[in-house]
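Reading through the structure tokens given below for one structure.
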Amino acid sequence: MDPFTIVLLAILVFAVLLVAGIGRRESPRPWLPRLVAGGSLVLALLSAVAGIVGIVAAFAFPTLSLRVPVIASADIPPADLRASDASVISGGTEQVTMTLTASGLDVLTRILVAAEVVITTVVLVTLLVMVARLARQSISAEPFTPNLARLMVIGGSVLAIGSIAAQLASAFSGARAAETLFTLRPDVNGESLTSIPPTVVVDLVPVGVGLALVVVAGLIRQGERLQSDTTGLV
């Protein structure tokens, strides 16, 4: 399970706890939300440190690990080497993505890799801060606050926009690396391994989740109004 999925599940759990804890001044297990809040902040700090290390590595190290699209085809051995009489009649090529460690990459590729690290770090830190805030608010006497709704809007927007931006940065850096690593010189006879342009596929699931968080922020605002209207009635 990737870190984004874990963080999003944690946000969902504590959003439910937040709604379930309306009007409850004390939680039967206040240590658990506090533990999760503290752990989320620690993870946010570690993620920021890891992001800084990743940015430095993108420019300082001679080698760089990144996902690169390559063109794969079936390796068809000669008939006299096959163990059976079966043979391939026809076939084709397919684009696959491999994680490669490469050297000699240009500055533009390294900038794109660093951009992906920056965007991913910002998104992850923002979501972890949201988890910490939701965990604390789930045991608060006033579970709904304006700052919480604003944080949800910010988090949802950062997730929706940042996920697309990170995927595009990864796709462009991989395509650039593929061109640098595999394209043959014009004077060389033969077909380039990058003769088929890389296909950019964007996962829209994080975008949908980000928009859902913005909708949840609207519900939290409604809860804030209800909380304000009912204060002192009980």
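In this chain, residues are counted from 1 in sequence order. All heavy atoms count here, side chains included; hydrogens, waters and symmetry mates do not. Everything numeric in this text was worked out from a predicted model, so none of it was measured.
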Practice task
Tell me, with the steps shown, if L105 and L66 meet side chain to side chain contact (heavy atoms under 4.5 Å, CB included).
Solution key: CA-CA 11 Å; L105 299 176; L66 71 169; 3.9 Å; yes

Would you be so kind as to tabulate the donor-acceptor pairs closer than 3.5 Å made by side chains of residues 37-61, with sequence neighbours excluded?
{"residue": "S40", "atom": "OG", "partner": "V36", "partner atom": "O", "Å": "2.8"}
{"residue": "S47", "atom": "OG", "partner": "L43", "partner atom": "O", "Å": "2.8"}

Side chains of residues 160-172: which donor-acceptor partners sit under 3.5 Å, not counting sequence neighbours?
{"residue": "S163", "atom": "OG", "partner": "L159", "partner atom": "O", "Å": "2.8"}
{"residue": "S163", "atom": "OG", "partner": "A160", "partner atom": "O", "Å": "3.1"}
{"residue": "Q167", "atom": "OE1", "partner": "D203", "partner atom": "N", "Å": "2.6"}
{"residue": "Q167", "atom": "NE2", "partner": "S163", "partner atom": "O", "Å": "3.2"}
{"residue": "Q167", "atom": "NE2", "partner": "D203", "partner atom": "O", "Å": "3.0"}

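Taking the side-chain hydrogen bond (donor to acceptor under 3.5 Å, both in side chains) definition, one finds that R176 meets it with D106, sequence neighbours left out. Judged as a side-chain contact (heavy atoms from CB on, under 4.5 Å), and not counting sequence neighbours, the contacts of V153 are S157, A217, R221. In this structure, the side-chain hydrogen bond (donor to acceptor under 3.5 Å, both in side chains) partners of S65, at least two apart in sequence or on a different chain, are T101.
Nearest heavy atoms, S103 versus T63: CB-CG2, 4.1 Å. Of all non-hydrogen atoms in T109 and S173, the two that sit nearest each other are CG2-O, 3.8 Å. The two residues G104 and T180 make their nearest non-hydrogen contact at O-CG2, 4.4 Å.
Rounded to the nearest 0.5 Å, atoms OG1 (T99) and CZ (R67) are 4.5 Å apart. With values rounded to the nearest 0.5 angstrom, M152 atom CE is found 4.0 Å from M130 atom CE.
Counting only heavy atoms from C-beta outward, the side chains of V68 and M98 never approach each other to under 4.5 Å.
Here the options are I119, V125, V118, L124, the test is side chain to side chain contact (heavy atoms under 4.5 Å, CB included), and the partner is T121; only V125 passes.
Listed by first and then second residue, the side-chain hydrogen bond (donor to acceptor under 3.5 Å, both in side chains) pairs involving residues 122-131 amount to none (not counting sequence neighbours).
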